[in-house]
Amino acid sequence: MITITGRSVFGGIARGRISYYHRDEVIINKLKVVDPEREWDKYLLAKSESIEELKCLQTQATEDIGKNDAQIFYIHQVILNDSQFERLIYDYIMTKRYNADYAVARTAQAFGRILTKMDSEYIKERQADVNDISDRLIRHIQNRSGNTFELDGMSIICADDLMPSETVTLDKSKVAAFCTSGGSTTSHTAIIARTMNIPALVGMGAPLTEEFEGRFAIVDGYSGTLYIEPDEKTVKMLEHKEDEEGRKQELLRRLKGRKNITRDGREFAVYANIGSLSDVPSAIENDCGGVGLFRSEFMYLQREDFPDEEELFYNYRRVLEDMKGKRVVIRTLDIGADKNAEYFDLDKELNPAMGFRAVRICLERQDIFKTQLRALYRASAYGNLAVLIPMIIDVDEIRRVKEIIEDVKLELIEEGKSFAENVEIGAMIETPASVMLSDLLAKEVDFFSIGTNDLEQFTLAIDRQNPHYESVVPQNHLAVLRMIKIVCDNAHSCGKKVSICGELGADLSLTEIFLDMHVDALSVAPPQILPVRKTIRSLNLSDRRQIYNNIQQALKL
């Protein structure tokens, strides 16, 4: 038996024979050409053929994995039309007089070097997209047919990493799991695995090689382990684990329809964090109490221009209608930092996480902000909407936002468009400034939502994209927990409610502490809803026999 470990991106046990993804060997010669115009024409034809292929792939992917994840092929089309990308190719062909396929390969290398220097792991992973695009162009320039990869039976697909177009063209009915030597939890392989609900391991390193082709293996997506030709003891261990996990999932499913009440009778809300319409079915399936955070900026990313009011209105209305009267908190545009779109024409910043972003952009670019607010308020007539303002650091920001909202409401009244009168306005607490001003902010808003991801990085002075982040952040989160306690006390003294929508909200080791602080709601990713609810129902907050359960002890007060 051979054991290889990696990082798990989706749990579960999968069995099958290893099928190593084979790519055609591509030879690219470096040639000086006498007719660069001919090479440029070859490139333009290849580009046209590539775009047509990508449109077909986008249609196929929409059927297989949903519209949201299929957008990757739209992004590929955008990159193909990117002026900087094409300008580099043009320079290699027309100025330096190189052959078209070599020009594309060199351009892809140049883009790759730029991406690998980025701090964001997500941006680094986009190098796979650039490689995918360049391979497609080169294939058409060289008049080669597309790569075909047939699966004989249930297979564990192994590779160095998989490009988006490679994963989409696989026969999904025969894919048991993915294992890649490279990649990360934000790679396309990981996204596809989560969408398909199959185990996937990434970052397995050099030990994952083609010599294992055809061997029987089992993937343990819970521990992040690939067992190649497992022995009988390991097979039985994994069967037992699978049974245990199955029982856990069944117990969690039994929570559906039940209230989130602790053993001593206190009730708490558990909401879902979503990024698009495609996340709503999962939120409903996991019996969420509503949507605690709809990250609206994802409707602005991965496109060439601003979404118009009608598109925004349609999406917001759909979410509100689908939630059937349950509360839906939609965060206003939080663009900037690691979430940027070229058409916003924002200046490059040395530290964008602490730069011109979120409400700062909205207050300066009020045309963009008003379009979103108009769509939000029009949608409010179709459900239970609350609006959340991100990155607040000053009371005046909230007051200015409220003034803009009043202007928008007056416009809608004049146009005869209906909206709800009871839309709550909330402030996102994610900076030390907003924590220290939470007593004043509580008098201006209807609720607080604590974004622990940014609050943690700003409090501890380390970028959460930094590779040393996990080794620096204290496991007890003491400074952040104390800040959350301050916010809860200040909010409750004004009769306002507090929810937590950051990653800490799903940390089951902190659930009792949050409830003991009187946090009113937790908002987590859809798959984490039922485990959080189960933990809440197991707690007895009036039992103080174990001193470590005491909130005073936990916060060292």
Side-chain angles (χ1 to χ4, degrees), residues 1-4 6-24 53-54 56-70 72-73 128 132 135-136 139 145-183 185 187-204 207-230 234-235 238-239 241-242 245-246 249 278 282:
M1 179 176 72
I2 299 171
T3 302
I4 306 175
R7 284 171 287 169
S8 175
V9 294
F10 195 84
I13 307 292
R15 301 165 181 81
R17 296 203 172 272
I18 291 177
S19 186
Y20 213 94
Y21 194 90
H22 297 284
R23 298 184 179 93
D24 295 335
E53 271 188 355
L54 288 167
C56 293
L57 281 172
Q58 186 176 358
T59 301
Q60 178 187 338
T62 299
E63 296 175 0
D64 291 346
I65 60 176
K67 183 178 179 181
N68 193 50
D69 290 326
I72 187 64
F73 296 107
D132 200 348
D135 287 353
R136 185 178 305 282
R139 173 165 57 81
S145 59
N147 190 32
T148 57
F149 188 66
E150 301 294 333
L151 300 174
D152 294 329
M154 289 306 292
S155 303
I156 297 170
I157 308 299
C158 295
D160 51 353
D161 198 4
L162 287 163
M163 297 180 187
S165 59
E166 292 170 341
T167 54
V168 167
T169 54
L170 291 169
D171 183 350
K172 307 299 185 299
S173 66
K174 296 179 181 178
V175 178
F178 290 115
C179 294
T180 61
S181 54
T185 55
S187 66
H188 188 75
T189 306
I191 294 169
I192 293 292
R194 285 192 286 264
T195 304
M196 293 172 61
N197 292 324
I198 62 172
L201 310 181
V202 299
M204 302 183 74
L208 187 67
T209 61
E210 294 189 44
E211 67 180 277
F212 304 121
E213 175 82 35
R215 298 195 194 184
F216 176 75
I218 301 179
V219 173
D220 181 356
Y222 300 110
S223 67
T225 308
L226 172 66
Y227 298 95
I228 301 171
E229 295 181 338
T234 301
V235 170
L238 292 172
E239 287 175 350
K241 178 183 281 193
E242 193 171 30
E245 291 295 335
Q249 292 303 314
S278 63
S282 179

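Since the model is a prediction, treat every value here as computed from it, not as a measurement.
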Say you draw a straight line from CD1 of Ile157 to CG of Leu162; how long is it, rounded to the nearest 0.5 Å? 7.5 Å
For Met204 against Cys179, the heavy-atom pair lying closest together: SD-CB, 3.6 Å
Taking side chain to side chain contact (heavy atoms under 4.5 Å, CB included) as the test, write out the residues that go with Thr234, two or more places apart. Met1, Tyr227, Pro230, Asp231, Met237, Leu238
Between side-chain atoms of residues 211-220 and protein atoms elsewhere (two or more places apart, or another chain), which donor-acceptor pairs fall under 3.5 Å?
residue	atom	partner	partner atom	Å
Glu211	OE2	Thr209	OG1	3.1
Glu213	OE1	Tyr20	N	3.0
Glu213	OE1	His22	NE2	3.1
Asp220	OD1	Tyr222	N	2.9
Asp220	OD1	Ser223	N	3.3
Asp220	OD2	Ser223	OG	2.9
Asp220	OD2	Lys241	NZ	2.6

Would you indicate whether the side-chain heavy atoms of Asp152 and Arg17 approach each other to under 4.5 Å? no
Closest non-hydrogen atom pair, Pro199 against Gly221: CB-CA, 4.3 Å
Sequence-distant partners of Glu245, salt bridge (Lys or Arg N to Asp or Glu O under 4.0 Å), two or more places apart: Lys248
Val175 to Leu151 - nearest heavy-atom pair and separation: CG2-CD1, 4.0 Å
Not counting sequence neighbours, which residues clear salt bridge (Lys or Arg N to Asp or Glu O under 4.0 Å) with Arg15? List them please. Glu242
Taken in chain and number order and not counting sequence neighbours, the residues that satisfy side chain to side chain contact (heavy atoms under 4.5 Å, CB included) with Asp135 are Met163
Rounded to the nearest 0.5 Å, how far apart are CD1 of Ile198 and CD1 of Ile13? 13.5 Å
Sub-3.5 Å donor-acceptor pair from the side chain of Ser155 to the main-chain atoms of Gly153, do we have one? yes
Inter-residue atom distance Ile18.CD1 - Glu210.CD, 0.5 Å rounding: 11.5 Å
Identify the two heavy atoms, one from Ser8 and one from Gly224, that lie closest to each other, and give their separation to 0.1 Å. CB-CA, 4.1 Å
Looking only at heavy atoms, what is the nearest atom pair of Ile156 and Ala14, with distance? CD1-O, 4.3 Å
Considering all heavy atoms, the nearest Leu208-Thr180 contact: CD2-C, 3.8 Å
